[in-house]
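Take a look at the structure set out below.
When a ligand or atom number is given, it counts from 1 through the structure's own listing order.
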Amino acid sequence: MTKAPNSREGKSSGRGQRDLRVRVKTAKGRKLSSKLWLERQLNDPYVVRAKREGYRGRAAFKILELDDKYRFLVPGARVVDLGCAPGGWCQVAVGRVNALGEKSGKAVGKVLGIDLQEVDPIAGADIHQLDFLSDGADGRVKDWLGGPADVVMSDMAAASSGHKGTDHLRIVALVEAAAAFAFDVLEPGGTFVAKVLAGGAETEMQAMLKRNFDKVANVKPPASRSDSSEKFVVATGFRGRHAVDLDDDQPG
Ligand SMILES: C[S@@+](CC[C@H](N)C(=O)[O-])C[C@H]1O[C@@H](n2cnc3c(N)ncnc32)[C@H](O)[C@@H]1O
């Protein structure tokens, strides 16, 4: 049986300062990697904040920070969240786009989340279990949304293979597919936000986004762990479906 974490909060560090880190004992049956993961979770201020503020995960702060900077989740916006489980980004979007109509006098937005996994309901969000790569997914999303979207955001990650290079290629392919999906559902002027991993293979993807959006920014929000190669692209000012240019060989 897994033992409860052994909190040693308050133990002196020996330099007159109190060591406030929570440490976890290695219990029988718990691997060192899970002990380190648990220790990192318990000492992560974003995990603590997420719990305190009622978010389903620390990922919520990444979209909050990106939106604080680029302001795409405005009241009245229609948002598609690709790979939304467990739901932190949807929770943020519901509040910011006023999906529950709580901000009087402000336009009421819509939030549609999809994921391969089942997601517990979120008030104000319409959630569906769906693979965005499946045939007709874009049409179904537009039907559920009642029209095109103002924002398509993706925090999707492909399952890790344990090999850095392979994982990088997989996530680039996933982002390219998410961008192609966004081209089908976005309104001209719309915004595409996606998680990418820094590495060599993303140059073409960046060029493709630059041809289809007015501005493309690469950002590492403070909530993204510094030891991860994760970053986010924020592409604003979609030039419209008629102008979509996926091919890197064509003049942009
Ligand atoms: C890191 S989680 C997203 C966390 C989320 N932003 C939040 O705040 O709770 C990535 C999700 O992408 C989903 N995903 C990966 N590939 C997908 C696909 N092809 N279609 C739909 N969801 C996908 C996974 O099931 C996973 O739940």
Q.
Using a 3.5 Å distance criterion without hydrogens, assess whether the side chain of D115 forms a donor-acceptor pair with backbone atoms of Q129.
A. no
- For F72, the option from D150, L66, V79 that meets side-chain contact (heavy atoms from CB on, under 4.5 Å):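 With F72 as partner, side-chain contact (heavy atoms from CB on, under 4.5 Å) holds for just one option, L66.
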Which residue supplies the protein heavy atom nearest to [atom], what is that atom called, and how far is it?
atom                    : result
atom 16 (N) of ligand 1 : L116 CD1, 3.7 Å
atom 15 (C) of ligand 1 : A157 O, 3.8 Å
atom 4 (C) of ligand 1  : A85 O, 3.0 Å
atom 19 (N) of ligand 1 : D131 OD1, 2.8 Å
atom 20 (N) of ligand 1 : F132 N, 3.2 Å
atom 7 (C) of ligand 1  : G88 N, 3.4 Å
atom 14 (N) of ligand 1 : M156 CG, 3.8 Å

Rounding to 0.5 Å, atoms CG (D167) and CG (L174) come to a distance of 11.5 Å
Does ligand 1 have an atom that lies less than 4.0 angstrom from a heavy atom of [X]?
X    : answer
Q117 : yes
G87  : yes
L130 : yes

Point to revise | Full working for side chain to side chain contact (heavy atoms under 4.5 Å, CB included) between D44 and R58 | key: CA-CA 9 Å; D44 182 332; R58 70 186 302 293; 2.6 Å; yes
(Q) Any non-hydrogen side-chain atom of V234 less than 4.5 Å from a side-chain atom of V216? (A) no
| message | Measuring only between side-chain heavy atoms, which start at C-beta, is R239 closer than 4.5 Å to D214? | response |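 Yes - at least one pair of side-chain heavy atoms lies under 4.5 Å apart.
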**Report entry** D115, any N or O under 3.5 Å of ligand 1 N or O
**Finding:** yes
Please indicate whether any nitrogen or oxygen in L174 is less than 3.5 Å from any nitrogen or oxygen in ligand 1.
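The answer is no, given that L174 and ligand 1 share no N or O pair closer than 3.5 Å.
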- Do F61 and Y55 make the cut of ring centroids closer than 6.0 angstrom? yes
Practice task
Answer yes when D184 and R241 have at least one side-chain N-carboxylate O distance shorter than 4.0 Å, and no when they do not.
Solution key: yes
Notebook entry, point to check: In terms of side-chain geometry, is the basic nitrogen of K220 or E230 positioned less than 4.0 Å from the acidic oxygen of its partner?
Noted result: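 Answer for the salt bridge query: no.
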query = Can you tell which part of A158 has a heavy atom less than 4.0 Å from ligand 1: side chain, backbone, both or neither?
reply =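 The answer is neither.
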Problem set entry | ligand 1 atoms in contact with A59 (distance to a heavy atom under 4.0 Å) |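 In order of numbering, the contacting atoms are 8 (O).
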Note: ligand 1 atoms sitting under 4.0 Å from heavy atoms of D155 are 1 (C), 3 (C), 4 (C), 5 (C), 6 (N), 10 (C)
